Amino acid sequence: MIRLSNKREAAGMTRRGFLVAMTAVGVSFGFPRSVLAAMDPATADGKVLPDEGALYEPSLWYSIDQAGKVKVNIIRAEMGQHVGTSIARILADELEVPWENVEIVHVDSAKKWGLMVTGGSWSVSQSWPVYRQAGAAGRTALIEAAAKKWGVSANACEAHAGKVISGNREISYGELVAMGLTRQFTEDELKALPLKPNDDLQLVGKAVTSLDIANKTNGKAIFGIDAKVDGMVYAAPLLPPTRYGAKVTQMDDSAAKSVKGYQQTLVLDDPSGTVPGWVMVIADSFTAAQKAAAKVKVSWQAGAAAKVSEADIINHGRELLKDSSKGAILDTGDTNTDAVFAKAGDTIEHEYLTATVLHAQMEPLNALVFRNQDGLWEIHSGCQWQSLTTPVLAKALGVSEDEITIRAYLLGGGFGRRLNGDYTVPAALASKALGGKPVKMLMMRPQDLAFDSPRSASVQQLKMAFDENKGVVAMEHHATAGWPTEVMIPVFMPKGINGQPYDPFSIAGADHWYNVGAQKVRAVSNDLANDSFRPGWLRSVSPGWTGWAVESFMDEAAHHAGKDPLEFRLQLLTAEGRNAGAGPIAAGGASRQAAVLKKAAAMIGWGSPQPEGTGLGIASTFGQERDMPTWVAVAAQVHVDKATGLVDVQKLYVAVDAGIIVDPNGAEAQCQGAALWGLSMALYEGTELVNGKFKDGNFDTYTPLRIGQTPEVKIEFMPSKMAPSGLGEPAVTPVAPAIANAIYNAVGVRLRKIPMTPDDVKNALKA
């Protein structure tokens with residue numbers, strides 16, 4: 001068992017043990033409902049520890065009690081990335097509090113927390129200024145209180161390790177809190193507070209014990225799948241043949257009545273339109289619900305998607321791209337490419353495809369829902385986007401959003417699937433049909449995959465114009481796919497320069513940092529995909545597939561121009577004009593992308609001779625959006641077996657510039673996982689729609705990367721004093737093109753569709 005430091009154990013675990021013991025014998029501390037809806041991942045049962053004595057809350061984001069304990073409120077979901085530890089250390093560093101005095105609380109879904117979403121690699125980057133300001137506020141208030149007590153100037157005092165010190169005098173934060181602090185700060189006052197110099201930060205960038213690591217290791221961590229309440233029943237869902245438009249025409253549960261514990265079968269009526277045609281089999285145990293569900297006979301009238309397959313999605317996308325009037329044109333500066341192409345000395349054009357990709361997270365979808373004694377609807381489930389899920393639940397239940405609270409739980413894998421909280425709706429509707437009784441729905445793996453909101457298949461067509469000296473003078477990128485933001489939260493969609501809205505999470509990455517002269521990027525929604533299933537946000541969102549096209553195309557353009565692919569890219573990363581970068585995160589622009597490219601090339605030994613059938617490939621992206629770039633370059637070494645078409649990825653060397661690295665161990669782990677996810681989608685993952693259903697229903701046919709297929713992975717971070725950017729997703733984005741480019745250098749064939757299967761390799765070799 002991993003144990004916490006002795007100091008933390010002595011200071012904190014005794015209180016935890018007391019709380020757990022008292023709860024076990026039925027003692028109630030009378031916590032308000034909001035506290036019950038929060039979660040401390042370091043306690044054995046997830047319950048938030050009581051405060052000791054007086055309490056001071058300098059801001060919404062944390063409190064300090066009379067014992068000097070600091071509770072940091074976290075609005076981000078924890079799904080293995082230790083986000084609470086990262087955010088808490090930002091605050092603790094600025095506040096000057098010992099790490100062993102810090103606890104984290106994953107809070108409920110109350111509106112006071114603002115936009116609650118965990119995705120886009122935003123968590124640490126967006127929390128950096130907020131929690132530093134909050135920490136500075138507390139430190140300032142405590143120093144002022146000590147100075148007043150001693151009758152000295154605040155400038156004569158300093159904060160250190162949970163104390164305020166002035167000469168030979170010192171007083172602890174807990175003692176100051178016991179005096180009764182009320183100091184609050186306006187928004188303008190917060191912004192004006194001086195922050196510690198980055199060089200003086202003691203926790204940021206250093207190794208610390210993750211606050212939730214013990215329970216994750218010893219099996220005591222509480223996930224949504226572990227949620228239980230007294231008197232709950234279990235629901236086994238029966239899914240219709242299509243995501244939309246299905247209706248139950250007949251239901252017969254007579255055979256299910258022979259199952260001990262079976263109660264009834266519900267045909268759901270969903271005002272939100274989230275789960276049309278769903279049937280829920282109710283029983284007093286999970287096993288009984290599953291057995292009964294196997295005996296319930298249901299007939300459906302299928303929706304229109306029953307006639308739609310993957311090829312239809314792809315072909316429809318191609319037809320959409322033929323019509324130049326469709327879609328949004330992004331602001332990339334000079335978009336007048338037609339005139340340049342008309343006069344070009346030479347041009348190239350290629351199409352790139354990606355297959356439908358499922359999330360396939362380890363913890364299958366689940367939700368426990370009931371109406372509590374106060375009349376509030378409690379949703380017990382892991383959730384990445386509470387602010388999106390709550391209004392959908394309100395519509396489904398026919399109540400106001402204020403009557404719903406989502407309790408925080410750890411997520412056994414999110415990867416974007418739990419941004420869309422649609423899986424909470426059927427449990428809520430079943431509970432409503434049973435008068436608010438607690439209903440726990442747990443999907444089996446085939447149901448989880450069938451109900452996925454996958455990354456849509458995509459079609460991308462790229463063009464480049466050269467002058468008579470093979471210099472790049474213009475580039476176009478036309479892309480179409482199903483748009484999750486359009487389907488689920490269209491208010492998040494900006495407009496292009498032609499006034500047409502677009503899904504930023506379905507085109508970001510196409511607006512790259514290369515200086516290519518005139519540049520046009522066009523994003524087109526694939527309405528057939530949107531109508532056939534619910535497209536979703538999947539780890540790395542659009543950069544995972546737009547980066548595939550851009551970096552494969554850049555490699556092809558380099559070979560067409562007769563230049564080394566590395567040098568070709570570096571010549572275009574000139575950091576001029578809009579590509580110079582601006583702001584606290586993007587400053588440096590293309591020059592920082594050039595730096596990670598050089599680094600990855602040096603790591604792999606770019607240009608060194610390789611054995612027969614082995615090749616090196618390189619690719620570089622900026623992770624997510626242009627205003628929050630994480631510069632990543634990947635160099636890959638692969639060996640290709642020409643007889644079998646098998647691609648053996650031997651090395652993935654990754655160079656990353658993400659600004660200041662808050663949590664070094666967590667950052668490395670996230671980049672390793674992201675790179676391997678990219679490899680998995682490049683070679684192994686991908687399903688297809690067949691008559692309205694995804695063809696793969698379990699891990700026997702949907703085959704993510706296995707441990708034996710894992711290459712040597714090295715991650716190196718560029719030293720930086722820039723503000724932190726995101727790390728959860730960016731390392732996904734350059735992996736697939738780096739592998740494709742390495743395959744080309746190994747055996748001379750160019751693959752333009754992912755996943756790249758052995759059959760694709762063999763067919764390309766034959767051609």
Side-chain angles (χ1 to χ4, degrees), residues 309-315 317-318 321 346-357 457-464 545 547-565 568 609-619 634-652 678-690 695-696 700-706 708-709 711 734-767:
S309 293
E310 188 99 346
D312 300 316
I313 303 290
I314 296 294
N315 290 331
R318 287 178 173 139
L321 292 184
D346 192 12
T347 64
I348 61 170
E349 180 175 359
H350 293 295
E351 180 180 85
Y352 301 88
L353 305 176
T354 65
T356 301
V357 181
S458 72
V459 181
Q460 300 178 81
Q461 296 170 353
L462 281 70
K463 298 168 59 177
M464 185 172 282
W545 50 275
W548 152 250
V550 170
E551 285 300 291
S552 295
F553 188 65
M554 283 295 170
D555 227 63
E556 298 205 58
H559 287 287
H560 180 82
K563 297 180 180 179
D564 174 82
F568 180 79
Q610 300 295 312
E612 176 71 22
T614 300
L616 302 180
I618 201 163
V634 168
Q637 177 181 293
V638 310
H639 176 77
V640 181
D641 187 322
K642 292 184 177 181
T644 63
L646 290 172
V647 176
D648 176 22
V649 179
Q650 299 169 333
K651 296 178 181 179
L652 285 179
L679 166 57
S680 190
M681 288 189 289
L683 297 182
Y684 306 108
E685 286 192 59
T687 188
E688 62 180 85
L689 197 68
V690 178
K695 72 171 185 178
D696 298 297
D700 55 342
T701 58
Y702 193 79
T703 54
L705 180 74
R706 269 41 172 181
Q709 298 161 327
V735 172
I739 292 172
N741 298 336
I743 291 172
Y744 178 81
N745 289 329
V747 292
V749 297
R750 182 66 67 177
L751 302 180
R752 301 189 181 98
K753 179 181 180 299
I754 52 175
M756 297 173 278
T757 67
D759 284 343
D760 293 333
V761 175
K762 289 192 292 184
N763 291 336
L765 287 168
K766 290 178 182 178

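Reckoned from all heavy atoms, side chains included, excluding hydrogens, waters and symmetry mates. These figures come from a predicted structure and were not determined experimentally.
Considering OH of Y684 and OG1 of T703, their distance stands at 9.0 Å, rounded to 0.5 Å. The distance from the OG atom of S309 to the CG atom of N315 is 11.0 Å, given to the nearest 0.5 Å. Between atom CD1 of residue I739 and atom CE of residue M681 there is a gap of 10.5 Å, rounded to the nearest 0.5 Å. Taking CG of L321 as the start and CD of E351 as the end, the distance is 8.0 Å to the nearest 0.5 Å. With values rounded to the nearest 0.5 angstrom, Q460 atom CD is found 13.5 Å from R752 atom CZ. Atom CH2 of W545 sits about 11.5 Å away from atom CG of L353, to the nearest 0.5 Å.
Between I618 and N741 the shortest side-chain heavy-atom distance does not fall below 4.5 Å. Residues D555 and R750 are in side-chain contact: their nearest non-hydrogen atoms beyond the backbone lie under 4.5 Å apart. No side-chain heavy atom of T644 sits less than 4.5 Å from a side-chain heavy atom of P758. Between P711 and L679, the closest side-chain pair of non-hydrogen atoms falls below 4.5 Å. Within the 4.5 Å cutoff, side-chain heavy atoms of L751 are placed close to those of V761.
The two atoms that bring G615 and A746 nearest to each other are N-CB, 3.5 Å, heavy atoms only. Of all non-hydrogen atoms in T354 and I314, the two that sit nearest each other are O-CD1, 4.5 Å. Looking at every heavy atom in both residues, F553 comes nearest to Y352 through CA-OH, 3.2 Å. Looking at every heavy atom in both residues, A355 comes nearest to P755 through CB-CD, 3.8 Å. Here the closest non-hydrogen pair linking P734 and A619 is O-CB, 3.4 Å. Residues A558 and P565 come closest through the heavy atom pair CB-CA, 3.7 Å.
For residues 747-767, the set of pairs meeting the ring-ring contact (aromatic ring centres under 6.0 Å, His included) definition, not counting sequence neighbours, is empty. Applying the side chain to side chain donor-acceptor pair (under 3.5 Å) test to pairs two or more places apart or on separate chains, those with a residue in residues 758-767 are T757-D760. A ring-ring contact (aromatic ring centres under 6.0 Å, His included) check over residues 746-767, counting only residues at least two apart or in different chains, returns nothing.
Annotation: side chain to side chain donor-acceptor pair (under 3.5 Å) contacts of T614 (sequence neighbours excluded): H639. Judged as a ring pair (Phe, Tyr, Trp, His ring centres under 6.0 Å), and not counting sequence neighbours, the contacts of H559 are Y744. Applying the side chain to side chain donor-acceptor pair (under 3.5 Å) test to E310 and every residue at least two apart in sequence or in another chain returns T356. In this structure P704 satisfies the side-chain contact (heavy atoms from CB on, under 4.5 Å) test together with S680, E685, F699, Y702, R706, sequence neighbours excluded. Residues that satisfy the salt bridge (charged side-chain N to carboxylate O under 4.0 Å, His left out) test with K463, not counting sequence neighbours, are E476. Residues satisfying the salt bridge (charged side-chain N to carboxylate O under 4.0 Å, His left out) criterion with K695, sequence neighbours excluded, are E688. Here E349 pairs with nothing under the salt bridge (charged side-chain N to carboxylate O under 4.0 Å, His left out) rule; sequence neighbours left out. Not counting sequence neighbours, the partners of D346 by the salt bridge (charged side-chain N to carboxylate O under 4.0 Å, His left out) test are K470. H560 is linked by a ring pair (Phe, Tyr, Trp, His ring centres under 6.0 Å) to F466, counting only residues two or more places apart in sequence or in another chain.
Side chain of N745 to main chain of L616: a donor-acceptor pair is present (N/O by atom type, distance under 3.5 Å, no hydrogens or angles).
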